[in-house]
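Here's the structure, in structure tokens; my notes come after.
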Amino acid sequence: MAHAELQLDNQICFRLYTAARLITQAYTPMLTELGITYPQYLVLMVLWEKDEQPVNDIAHRLLLETNTVTPLLQRMEKLAIVSRKKGEQDKRQQIVSLTQKGKEMEEKAYELIPAGMGQQLSACPLKLEDYQHLAQELDSIINTLKK
């Protein structure tokens, strides 16, 4: 008999993993229409908030390592969504900027994603305040565990 602490139904991590996987899956049709992946969408959201950022800042904002973000940015550059250039003061630094295509994608994402996700979650009994509270609780977990 398994210890209760090790039973799958008693694991918050399994619920978080499953919810994250299913939410990402729900985004897929909308992101496919935009021609991007979920990680690329995350990068775009960071750049839509503030364009022209160093790779390190983007990685930090996404709680990822630069060696994870760099190949992602390279693929986005090939799609003409972002461009990269050397920093003016520190030539070792790579500055990432949105291209015109990347900027235009913000409006299309706005038209597709909030309404699309709202529709997919409409059967869920949670209200907007519940999602806001959940976000705060998840932020507490993230802030406790991040290194």
Side-chain angles (χ1 to χ4, degrees), residues 8-147:
L8 189 60
D9 289 341
N10 294 334
Q11 303 303 307
I12 188 71
C13 60
F14 177 69
R15 286 176 179 82
L16 290 170
Y17 165 77
T18 303
R21 186 177 53 77
L22 291 172
I23 287 170
T24 303
Q25 186 178 352
Y27 273 90
T28 299
M30 295 168 279
L31 296 176
T32 299
E33 193 169 330
L34 291 171
I36 57 175
T37 64
Y38 185 73
Q40 291 170 338
Y41 177 59
L42 296 178
V43 169
L44 283 171
M45 285 192 292
V46 170
L47 291 170
W48 290 332
E49 287 177 18
K50 180 181 178 286
D51 199 1
E52 297 186 14
Q53 294 190 52
V55 172
N56 289 344
D57 290 2
I58 295 169
H60 183 260
R61 180 78 167 93
L62 295 175
L63 300 177
L64 296 171
E65 298 294 327
T66 55
N67 62 358
T68 301
V69 173
T70 298
L72 184 59
L73 293 169
Q74 290 169 339
R75 288 189 295 275
M76 292 175 78
E77 195 170 28
K78 286 179 183 170
L79 294 171
I81 298 170
V82 300
S83 63
R84 294 179 300 151
K85 64 181 179 184
K86 292 190 183 298
E88 290 181 18
Q89 291 158 348
D90 183 350
K91 299 295 183 197
R92 296 169 298 171
Q93 198 175 49
Q94 287 276 309
I95 306 298
V96 181
S97 302
L98 291 164
T99 62
Q100 188 59 37
K101 180 180 177 181
K103 291 174 184 175
E104 291 169 359
M105 289 177 80
E106 181 178 9
E107 197 57 39
K108 188 164 185 182
Y110 177 73
E111 292 169 9
L112 286 173
I113 295 173
M117 288 305 295
Q119 183 180 10
Q120 291 196 50
L121 293 170
S122 63
C124 186
L126 295 176
K127 297 181 181 92
L128 179 60
E129 312 84 65
D130 297 325
Y131 288 109
Q132 291 168 338
H133 180 72
L134 179 58
Q136 292 172 351
E137 297 296 333
L138 291 171
D139 284 344
S140 293
I141 293 170
I142 291 164
N143 289 328
T144 299
L145 296 175
K146 75 179 178 183
K147 296 177 181 177

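The model shown is predicted, which means the values in this text are computed figures rather than measured ones.
Within 6.0 Å of atom CD in Gln74, more than 12 heavy atoms from other residues, nucleotides or ligands are found, so the atom counts as buried in its surroundings. Applying the 6.0 Å contact sphere to CD of Gln119 captures no more than 12 heavy atoms from other residues, nucleotides or ligands.
For Met76 against Leu44, the heavy-atom pair with the smallest separation is CE-CG, 3.7 Å. Met30 and Gly116 get closest at one heavy-atom pair: SD-CA, 3.7 Å. The two residues Met105 and Leu34 have their closest heavy-atom pair at CE-O, 3.4 Å. Between Ala109 and Pro114, the closest heavy-atom pair is O-CD, 3.5 Å.
Looking only at distances, no side-chain donor or acceptor of Arg61 sits under 3.5 Å from a matching main-chain atom of Val43. For the pair Lys101 (side chain) and Leu79 (backbone), a donor-acceptor distance under 3.5 Å is present. Gln40 places no side-chain N or O within donor-acceptor distance of the main-chain N or O of Ile81, the cut-off being under 3.5 Å. Side-chain N or O atoms of Asp139 include none that pairs as donor or acceptor with a backbone N or O of Gln136 at under 3.5 Å.
If you take CG on Leu42 and CD1 on Ile58, they are separated by 11.5 Å, rounding to the nearest 0.5 Å. Considering CD of Gln132 and NZ of Lys127, their distance stands at 13.0 Å, rounded to 0.5 Å. Note that NZ of Lys103 and OG of Ser97 are 8.0 Å apart. Values are rounded to the nearest 0.5 Å. Rounded to the nearest 0.5 angstrom, Ile141 CD1 and Ile12 CD1 are separated by 6.0 Å. Taking CG of Leu72 as the reference point, atom CG of Asn67 lies at 12.0 Å (rounded to 0.5 Å).
Under the 4.5 Å side-chain criterion, counting only non-hydrogen atoms from C-beta, Thr99 is not in contact with Glu77. Contact of the Leu73 side chain with the Gln94 side chain is not registered, since no non-hydrogen atoms from C-beta on lie closer than 4.5 Å. Leu31 has its side chain within reach of Ile113: a pair of non-hydrogen atoms, C-beta onward, lies under 4.5 Å apart. A 4.5 Å side-chain heavy-atom check between Arg75 and Thr37 finds every atom pair outside the cut-off.
Each ring-ring contact (aromatic ring centres under 6.0 Å, His included) pair with one or both residues in residues 105-147, not counting sequence neighbours, would appear here, but there are none. Screening residues 38-90 for ring-ring contact (aromatic ring centres under 6.0 Å, His included) gives Tyr27-Tyr38, Tyr27-Tyr41 as the qualifying pairs, with residues at least two apart or on separate chains.
The salt bridge (charged side-chain N to carboxylate O under 4.0 Å, His left out) test applied to Glu106 returns no partner, not counting sequence neighbours. For Arg92, the salt bridge (charged side-chain N to carboxylate O under 4.0 Å, His left out) test picks out Asp90, with sequence neighbours left out. Applying the salt bridge (charged side-chain N to carboxylate O under 4.0 Å, His left out) criterion to Glu137, with sequence neighbours excluded, gives no partner residue. Partners of Lys50 by side-chain hydrogen bond (donor to acceptor under 3.5 Å, both in side chains), not counting sequence neighbours: none found.
Each of Ile95, Val96, Leu47, Leu98 was checked for a side chain to side chain contact (heavy atoms under 4.5 Å, CB included) with Glu52, and the lone residue meeting it is Ile95.
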> Run the side chain to side chain contact (heavy atoms under 4.5 Å, CB included) check on Leu16 and Leu138 step by step: do they pass?
Replying inline: CA-CA 9 Å; Leu16 290 170; Leu138 291 171; 3.5 Å; yes
>> Before you tell me yes or no, could you show the steps for Ile23 and Met117 under side chain to side chain contact (heavy atoms under 4.5 Å, CB included), namely the whole-Å CA-CA distance, both residues' side-chain angles and the distance that decides it to 0.1 Å?
In response: CA-CA 9 Å; Ile23 287 170; Met117 288 305 295; 4.2 Å; yes
